[in-house]
There are 2 protein chains.
Amino acid sequence: MKSPAAGAVGTAATATATNGEGVEKKSINPELWQACAGPLVNLPAAGTHVVYFPQGHSEQVAASMKKDVDAQIPNYPNLPSKLLCLLHNVTLHADPETDEVYAQMTLQPVSSFDKDALLRSDLALKSNKPQTEFFCKTLTASDTSTHGGFSVPRRAAEKIFPPLDFSMQPPAQELVARDLHDNVWTFRHIYRGQPKRHLLTTGWSLFISGKRLFAGDSVLFIRDEKQQLLLGIRRANRQPTNLSSSVLSSDSMHIGILAAAAHAAANNSPFTVFYNPRASPSEFVIPLAKYYKAVYSNQISLGMRFRMMFETEESGTRRYMGTITGISDLDPVRWKNSQWRNLQVGWDESTADLKRPRQPGMPDDDSSDLDSLLKRTMPWLGDDICMKDPQAPPGLSLVQWMNMQQNPSLAHSMQPNYMQSLSGSVLQNLPGADLSLSVRHVITSNASAKQRAVKCPKAASASTTA
Amino acid sequence: MKSPAAGAVGTAATATATNGEGVEKKSINPELWQACAGPLVNLPAAGTHVVYFPQGHSEQVAASMKKDVDAQIPNYPNLPSKLLCLLHNVTLHADPETDEVYAQMTLQPVSSFDKDALLRSDLALKSNKPQTEFFCKTLTASDTSTHGGFSVPRRAAEKIFPPLDFSMQPPAQELVARDLHDNVWTFRHIYRGQPKRHLLTTGWSLFISGKRLFAGDSVLFIRDEKQQLLLGIRRANRQPTNLSSSVLSSDSMHIGILAAAAHAAANNSPFTVFYNPRASPSEFVIPLAKYYKAVYSNQISLGMRFRMMFETEESGTRRYMGTITGISDLDPVRWKNSQWRNLQVGWDESTADLKRPRQPGMPDDDSSDLDSLLKRTMPWLGDDICMKDPQAPPGLSLVQWMNMQQNPSLAHSMQPNYMQSLSGSVLQNLPGADLSLSVRHVITSNASAKQRAVKCPKAASASTTA
DNA sequence: ATGTCGGCGCCCCGCCGACAA
DNA sequence: TTGTCGGCGGGGCGCCGACAT
């Protein structure tokens, strides 16, 4: 890999997929994978250090099986709530049946890390991915019915599709697009009707039936660097694939996760995890630098102001604000003093009025309806686009923390009260700290129809604010 | 349960399915489940004692994921190669997407058992299930094309379907059949053409497309005790559902199985397994009495004659004979002295000429073509229909063995040489001993086209013979 | 006994602009 | 700007017996 510290998906992950027998298959386009995963997903870069949360991994399995953990899981007292790991490898995958995207990561627990490792992780974070041009549309009843084709949003057609020859009557062309598996789909793109509009006609119904799409699912188009048209899907139907339960019991799965992590931690041997961004409630493999910033650059306390990113229905992002209303262990028996979902946050009602920042590929939508904004309630880790409020509580800089790590006695004494006395003079150099992994409950400050919307998110991209 | 010792599926398993949230769903018809599972599948009865083989369980996962076990699996030195368990519960399931049948079993390791338990297990074995009337047909290209309907085998239509009114011209009726999920399918059943034949026309294409069936898949019809028509499917496409790999790594799955069993064995606490009869190479939960008969009623030795049951293409059964050519550990490092696949068997060429016993619901097929006979190479545990050969090596009777169990010093000294000296006078009371779990490699005694067919089966219902 | 095919009737898929939101 | 609908033309679904194996 030429640029090991790059954080963008395109360079962070080797975009190859191997099946169970080790046969190399078609590679997966990283930009398309990213588009299908959603705007807030950001995989850590291979070769960097990460923090792995067994609780979060277990949560993903529970979400995939729609089943909570049972009581018969043995304790693994030697398995800490978080593991410092070296991320050896990241490969992108897509389910051949459903096109669901997921990533495979090979992690190796390490007992310590050096300054270079931390800096590499921080550098990978800062390199923002080049947002490729894409558009995403939720399919309507007309789009998916057998009665007609696909109505293309005007801006999308003009921005993504090759330009039409308007001297033709009507203007039309043949579009060729490839999906995640490199399958080719061809559509007739025509500009007709009264008033004029862009339509995909011939070939569209084959796509709809072939991918088994229904109204409410989403389809997206992007152009890669070679100006090739790619397309992907995102299913609205969030019913968990209960399929896996025919192979392994839920208990065995959870035990398998914990035992595999415990075994790897005891032997410092590599282990493999799968991260499914659209099934998992939260990322459970966090870049070391991001983890540091979340935990050590701020003094987490009750009443602290909070900012978090959500994904909107149309694949946009939206800030949301709230206040920390509680700090406690999610599972005090099994995972004591874990930072996984130890914060409760009450969300502001007023933040619904915040304007969503315009992003490329995002249709213009100025709706302030909270219900629609949060229909896609799966939370995501956000880009580091949050600005630090000058009145934020003081924290430690990256350099300060590294120095403390090299001075064990000092690090050991690093308590909230001590941290509070440190100077926050270098804070402005730090992007917002992502605390999403710590967020548990979402509480509305006002009883209204909004309660329906905010019940679902359990965690999301979050930043402390004043 | 009225008859706790019954071994038939209908009474052995509670035919209810619960989803992940504990909501009771429609019950699954046990006869239909049995028909879909195949003629050789025989689930142990709830309430009886069984022997659980972690190796076999792991094999099922490997087969489901089409991936062998990797090296990174930790050793579980305290987990024996077989666990004596009390089978608390058996529930029948069917995958809602694929109709694949599987069973969920709750096992609790026990350190000992009494005479009643052994007798109950033996009693459950002896109760033969009432073979319901059914027929099974492999779909042809014409059956699955959009050009026409389904050609019903004559005997099948006469035996299973309600009789037609032949005063009509042409004779026709509407058939209503329910699948495993209690979904209703209606077909027009007509007797027409030159020469006359039974056909399913209107409604058939909806079924084919709805179940996503292709030529080579099989469809089966049965009548339940209320004369209701039921239908099921068996897919020929044995491609493993790689879906589960998007949730959990193969390593974690294997670790999960072993760790769950080890934890349950250490605490004598219950654990849950899923048995998928059409994906698993062999059953890995064996009735205690069947295990006993396999291991203790015969002196296993090199050169011993061997008999095993296979499932034929048309859902029939077929005996196959061979000779034990080797006895050794499948995995000497991890599972020393395990009885799982420790026998190699060379199959007789001449056994291809054996007549298959006529069974209800099985179309007449006197083909002696070995290739076609063994196309369905997945092996199954068979019914106890094998007769004991008078010249068989001597073994222990059930009563003798029980007495030895109550006399530890005697049981401890129970060695092959010792057993050989015992009288075999009560042997005729014993059905053939099923050794299928121990069979590993299949070696043809003659190089020919038959080699292709016999490479695949790794184990099947087997009995020692002279 | 039953798998495949030519014939062909008619259903419904799918392309069109009209309209409205 | 774009979702839904009536209109309608034609491709293919699906029912039929012929024929072969």
Side-chain angles (χ1 to χ4, degrees), chain A residues 135-159 168-174 186-210 213-219 314 363-367, chain B residues 135-159 161 168-174 186-210 214-219 314 363-367:
Chain A
F135 83 87
C136 176
K137 185 198 177 187
T138 300
L139 297 172
T140 66
S142 297
D143 290 332
T144 52
S145 86
T146 58
H147 189 64
F150 174 65
S151 191
V152 187
R154 178 191 183 81
R155 293 195 203 184
E158 292 172 348
K159 197 168 53 183
M168 301 169 69
Q169 277 312 323
Q173 64 180 334
E174 185 182 67
T186 62
F187 308 107
R188 176 173 170 84
H189 170 206
I190 191 169
Y191 186 71
R192 61 164 175 81
Q194 196 50 247
K196 295 274 181 268
R197 90 274 313 270
H198 292 269
L199 295 165
L200 297 188
T201 58
T202 309
W204 179 253
S205 68
L206 274 180
F207 175 70
I208 290 294
S209 60
L213 294 172
F214 300 96
D217 295 339
S218 298
V219 63
E314 298 300 320
D364 198 10
D365 174 16
D366 283 331
S367 161
Chain B
F135 82 87
C136 175
K137 185 197 176 189
T138 300
L139 297 172
T140 67
S142 296
D143 290 333
T144 51
S145 85
T146 58
H147 190 61
F150 174 64
S151 190
V152 187
R154 177 190 181 83
R155 292 197 202 183
E158 292 171 349
K159 197 167 54 184
F161 294 165
M168 300 170 69
Q169 278 312 321
Q173 65 181 332
E174 184 182 69
T186 63
F187 307 107
R188 176 173 170 84
H189 171 206
I190 191 170
Y191 186 71
R192 62 164 173 81
Q194 197 49 248
K196 294 276 181 271
R197 88 276 310 273
H198 291 269
L199 295 165
L200 297 188
T201 57
T202 309
W204 178 255
S205 68
L206 274 179
F207 175 71
I208 290 294
S209 60
F214 301 95
D217 295 339
S218 298
V219 63
E314 297 301 319
D364 197 12
D365 174 16
D366 283 331
S367 161

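When reading the values below, keep in mind they use all heavy atoms of this one structure, side chains included, and skip hydrogens, waters and symmetry mates. First the proteins, then the strands, lettered A, B, ... as listed; each starts at 1.
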Query raised in the report: C:dG14 P sits how many Å from A:W204 CH2, rounded?
Result: 13 Å
Report task. Please report, rounded to the nearest Å, how far the C1' atom of D:dC16 is from the CZ atom of B:R188. Result -> 12 Å
Query raised in the report: Does A:S142 make a side-chain N or O approach to OP1 or OP2 of D:dG3 shorter than 4.0 Å?
Result: no
Query - Under 4.0 angstrom between A:T140 side-chain N/O and D:dT4 OP1 or OP2 - result: yes
Query raised in the report: Less than 3.5 Å between a donor and an acceptor, one on the side chain of B:H147 and one on the base of C:dG3, is that the case here?
Result: no
Report summary line: B:R192 atom CZ is separated from D:dA18 atom P, nearest whole Å, by 11 Å
Report task. Please check the phosphate of D:dT1 (OP1 and OP2 only) for any side-chain N or O of A:S151 closer than 4.0 Å. Result -> no
Query - Protein-nucleotide distance (A:Y191, atom OH; C:dC15, atom C1'), rounded to Å - result: 18 Å
Query raised in the report: Pick the nucleotide of DNA chain C nearest each of A:I190 and A:T146; which residue has the one closer to the 5' end?
Result: A:T146
Report task. Assess whether one donor atom and one acceptor atom, taken from the side chain of B:R197 and the base of D:dG17, lie less than 3.5 Å apart. Result -> no
Report task. Look at the rings of A:W204 and A:F150 and say which category their plane angle falls in: under 30° parallel, 30 to 60° tilted, over 60° perpendicular. Result -> parallel
Report task. Rounded to the nearest angstrom, tell me the gap between atom CZ in B:F135 and atom P in C:dA1. Result -> 15 Å
Query raised in the report: Which one of B:V152, B:V219, B:I190 satisfies the side-chain contact (heavy atoms from CB on, under 4.5 Å) criterion with B:L200?
Result: B:V152
Requested in this report: Would you kindly compare B:Q194 and A:P195 by the position of their nearest DNA chain D nucleotide and give the one closer to the 5′ end?
Outcome: A:P195
Query raised in the report: Between A:K196 and A:P170, is any pair of side-chain heavy atoms under 4.5 Å apart?
Result: no
Query raised in the report: Looking at B:K137, does any N or O in its side chain come under 4.0 Å of the phosphate oxygens OP1/OP2 on C:dG3?
Result: yes
Query raised in the report: Contact class for B:T201 (heavy atom, under 4.0 Å): base, sugar-phosphate, or nothing?
Result: sugar-phosphate
**Report entry** B:L199 CG - C:dG3 C1' separation (whole Å)
**Finding:** 11 Å
**Report entry** B:R155 side chain to B:P153 backbone, donor-acceptor under 3.5 Å
**Finding:** no
Query raised in the report: Atom CG of B:L200 and atom P of D:dG14: how far apart are they, to the nearest Å?
Result: 14 Å
Query raised in the report: With sugar-phosphate meaning primed atoms plus P, OP1 and OP2, does A:T202 contact a base, only sugar-phosphate, or nothing at under 4.0 Å between heavy atoms?
Result: sugar-phosphate
Query raised in the report: In whole Å, what is the span from the NE2 atom of A:H198 to the P atom of C:dC16?
Result: 15 Å
Requested in this report: Please name the residue in the list B:R154, B:R192, B:E158, B:H189 that meets the side chain to side chain donor-acceptor pair (under 3.5 Å) test with B:H198.
Outcome: B:H189
**Report entry** Any A:S205 side-chain nitrogen or oxygen under 4.0 Å from OP1 or OP2 of C:dC13
**Finding:** no
